[in-house]
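Here is the structure we will look at.
Keep in mind it's a predicted model, so treat the numbers as computed, not measured. Indexing begins at 1, ligand by ligand and atom by atom, following the structure's order.
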Amino acid sequence: MDLGIKGRRALVCASSKGLGKACAVALAAEGVHVTLTARGAEVLAATAAEIRKAYPDVEVIEVVGDITTVEGREMALKAAGQLDILVNNAGGPPPGDFRNWTRDDWLKAIDANMLTPIELIKATVDGMMSRKFGRIVNITSAAVKAPIDVLGLSNGARSGLTGFIAGLSRKTVRENVTINGLLPGPFNTDRLKGVAAGQVKATGLSVDEILAKRASENPSGRFGDPEEFGLACAFLCGAKAGFITGQNLVLDGGAFPGTM
Ligand code: NAP
């Protein structure tokens, strides 16, 4: 299926690994020029090289920086040029007990998982609207629909973003600019392994045992493959996806038990 976005330009934030990388790869496969960002230069360079090799007709720009900072965002926006597609992503906040979180911990989470996407949208959405094409995808979490006990910082910050987008996404769609959320359940990435490592002490299980148990408890009996996530992102960025806005698509193997 040709999604009709060949030659478009995308900024995919936090994309040297995991879900962000999968989105960048899926967009590049559609002929979209991609700008990738991450803090670590080495892995980012390897990912950029991998995409260039697989899709030689696509321009791949890499920007080393922290997307949750003003400077990181400015560098990414400057390098990416005139944007048609924006995929918002950043690392998730650490797990813990809210009794131990300070105001600073909350501000960090809100900065990374709520205000950073809003700032990037603010910088790009009017240009997209004036050009009558824009696709914005926010990578959030299944925790937006069903909170995860130990991830209170994530539950809170991402729900704030989702509420804001619910309003804004109805104001942009008339100009063919859509804004949607992709809500990952458990996907097989480093982040998932990191969360499991943090549960070793409390559970007395090894990382592998925690992961195996978690995968078997999912209705699908497995974790998601990042490629599946990237393809969903590319679909939402497609030329014919202009009637889908303000939606929050859960990709969790059926873990959320609600009827709708
Ligand atoms: P991952 O495999 O750990 O990859 C994270 C990527 O983001 C890396 O490329 C990392 O590179 C980059 N990154 C992190 N913080 C950044 C920052 N401040 N500025 C720029 N780049 C940054 O994580 P993932 O599993 O893909 O998760 C992506 C998002 O989805 C996270 O917010 C996570 O909480 C959320 N999520 C994931 C799952 C899951 O099962 N995987 C489930 C629910 C929600 P550097 O470290 O080099 O910067």
Residue selection (non-hydrogen contact nearest atom 15 (N) of ligand 1) among Gly18, Pro94, Gly40, Gly91: Gly91
Close-contact set for ligand 1 against Leu19 heavy atoms, below 4.0 Å: 26 (O), 30 (O), 37 (C)
CD (Glu42) with more than 12 external heavy atoms under 6.0 Å: no
Which of the ligand 1 atoms, numbered from 1, are nearer than 4.0 Å to a heavy atom of Asn89: 28 (C), 29 (C)
Interfacing atoms of ligand 1 (cut-off 4.0 Å, heavy-atom, Gly65): 19 (N), 20 (C)
Contact check: Gly185 vs ligand 1, nitrogen or oxygen atoms, below 3.5 angstrom: yes
Region of Lys193 engaging ligand 1 - heavy atom pairs below 4.0 Å: neither
Distance-only N or O hit between ligand 1 and Ala142, under 3.5 Å: no
Pro186-ligand 1 polar pair, N/O distance under 3.5 Å: no
Polar contact flag for Ser16 and ligand 1 (N/O pairs, less than 3.5 Å): yes
Protein contact for atom 31 (C) of ligand 1 (heavy atom, distance under 4.0 Å): yes
Ring-face cation of Arg214 near Phe223 (centre distance under 6.0 Å, axis angle within 45°): no
Contact check: Gly20 vs ligand 1, nitrogen or oxygen atoms, below 3.5 angstrom: no
Geometric N/O contact Pro184 with ligand 1, under 3.5 angstrom: no
Heavy-atom nearest neighbour in the protein, as seen from atom 40 (O) of ligand 1, with distance rounded to 0.1 Å: Phe187 N, 2.8 Å
Enclosure of Lys240 NZ (heavy-atom neighbours >12, cutoff 6.0 Å): no
Contact (N/O only, under 3.5 Å) between Ser141 and ligand 1: no
Distance-only N or O hit between ligand 1 and Asp66, under 3.5 Å: yes
Option of least heavy-atom distance to atom 2 (O) of ligand 1 (set: Val144, Thr189, Val195): Thr189
Part of Ala90 with heavy atoms under 4.0 Å of ligand 1, whether side chain, backbone, both or neither: backbone
